[in-house]
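Reckoned from all heavy atoms, side chains included, excluding hydrogens, waters and symmetry mates. Treat the numbers as computed from the prediction; the structure is a model and nothing was measured.
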Protein chains: 2
Amino acid sequence: MTGSVWKALAEDNRRQILLLLREHDMFPSELAKHFDTTLAAVSTNLRILKDADLIKETREGQKKRYSINPKKTLEIKEFFDKMWGHNLEGLKEFVESKE
Amino acid sequence: MTGSVWKALAEDNRRQILLLLREHDMFPSELAKHFDTTLAAVSTNLRILKDADLIKETREGQKKRYSINPKKTLEIKEFFDKMWGHNLEGLKEFVESKE
DNA sequence: TAAATATTTAAATAGTTCTTTAATTATCAT
DNA sequence: ATGATAATTAAAGAACTATTTAAATATTTA
């Protein structure tokens, strides 16, 4: 059931969906306006993101509201840490530039 | 020429190669021992990682030494920041625990 | 219950990716 | 140059992905 986070992130439109949902929750029909594809294609991508636990859905009347799932970032974060977490100079710099 | 970093990271064996190379540089034949595939398959994955600028190669006699490219992490880092960079608490904590 | 709206799922297809074996290129040592 | 070693590339096929149109499901409203 739980799909690969990495495969989910590997596609441009899906990463774009995530960035859009980070701005604010949206319905599929609303999201579809931002893309040059069909609603059906967006719906499929939403399913893939949901299977990877990157987003959540909640029914709201006849609509379905999609939102970022703030939890399940773990797998990608873990790889990121293992891979590049050591390079503390740059990371520390980045963190501090935000403070 | 430059392939997608995300597609490159989307495959298990390739992420494994990156983690192995992070330990220390390796030759293709050496890497292949860690996998249940052919040398040709490893070689293809190395090309994909190189096209994504995630690794570097340097010839060393008849062999080719592969190593992590510490630079080009930018694209994935940028997305990571945009998407989850807000959660600075955890990131900062991690950085400081290493100091 | 029937019509309207919102979204998902199915079927089909085109395109991409991964893996394998076999052939090829490159370097080194004699 | 020849033979040996190291690695890449080519060709072929299987497996997977993404997109589309059309049909199906779920919910609301009349």
What salt bridge (charged side-chain N to carboxylate O under 4.0 Å, His left out) pairs are there with at least one residue in residues 3-12 of chain A, not counting sequence neighbours?
A/Asp12-A/Arg15
Apply side-chain contact (heavy atoms from CB on, under 4.5 Å) to A/Lys63 and list each qualifying residue two or more places apart in sequence or on a separate chain.
A/Phe27
Could you state the interatomic distance from NZ (B/Lys56) to CD1 (B/Ile68), rounded to the nearest 0.5 Å?
9.5 Å
Contact span of DNA chain C against chain A, any nucleotide atom under 4.0 Å from a heavy atom, 5' to 3', runs C/dT5 to C/dT9
Can you tell me how far P of D/dT28 sits from CD of A/Glu60, to the nearest Å?
11 Å
Using nucleotides 14-18 of chain D, report all nitrogen or oxygen pairs with the protein that are shorter than 3.5 Å.
residue: D/dA18; atom: OP1; partner: A/Arg14; partner atom: NH2; Å: 3.0
residue: D/dA18; atom: OP2; partner: A/Arg14; partner atom: NH1; Å: 3.1
residue: D/dA18; atom: OP2; partner: A/Arg14; partner atom: NH2; Å: 3.4

So if you build clusters from Ile, Leu, Val, Met, Phe, Trp, Tyr with side-chain heavy-atom gaps below 4.5 Å, do A/Ile48 and A/Ile55 land together?
no
Do B/Leu54 and B/Leu21 belong to the same hydrophobic cluster, where Ile, Leu, Val, Met, Phe, Trp and Tyr are linked whenever their side-chain heavy atoms lie under 4.5 Å apart, directly or via other members?
yes
Contacts of type side chain to side chain donor-acceptor pair (under 3.5 Å), residue B/Glu60, not counting sequence neighbours:
B/Arg65
Expected output is a numbered-order residue list: members of residues 28-39 of chain B with a heavy atom under 4.0 Å from any atom of DNA chain C. What is it?
B/Thr37, B/Thr38
Sidechain-backbone polar pair: A/Arg59 side chain, A/Gly61 backbone, donor-acceptor under 3.5 Å:
yes
Is there a path of hydrophobic side-chain contacts, each under 4.5 Å between heavy atoms of I/L/V/M/F/W/Y residues, joining B/Leu39 to B/Ile17?
no
Where each residue is assigned the nucleotide of DNA chain D containing its nearest heavy atom, which of A/Ala40 and A/Gly61 is assigned the position nearer the 5′ end?
A/Ala40
Measure the spacing between CG of B/Asp25 and CG of B/Leu20 and express it to the nearest 0.5 Å.
12.0 Å
In Å, rounded to the nearest 0.5 Å, how long is the span from CD of A/Glu57 to OH of A/Tyr66?
4.0 Å
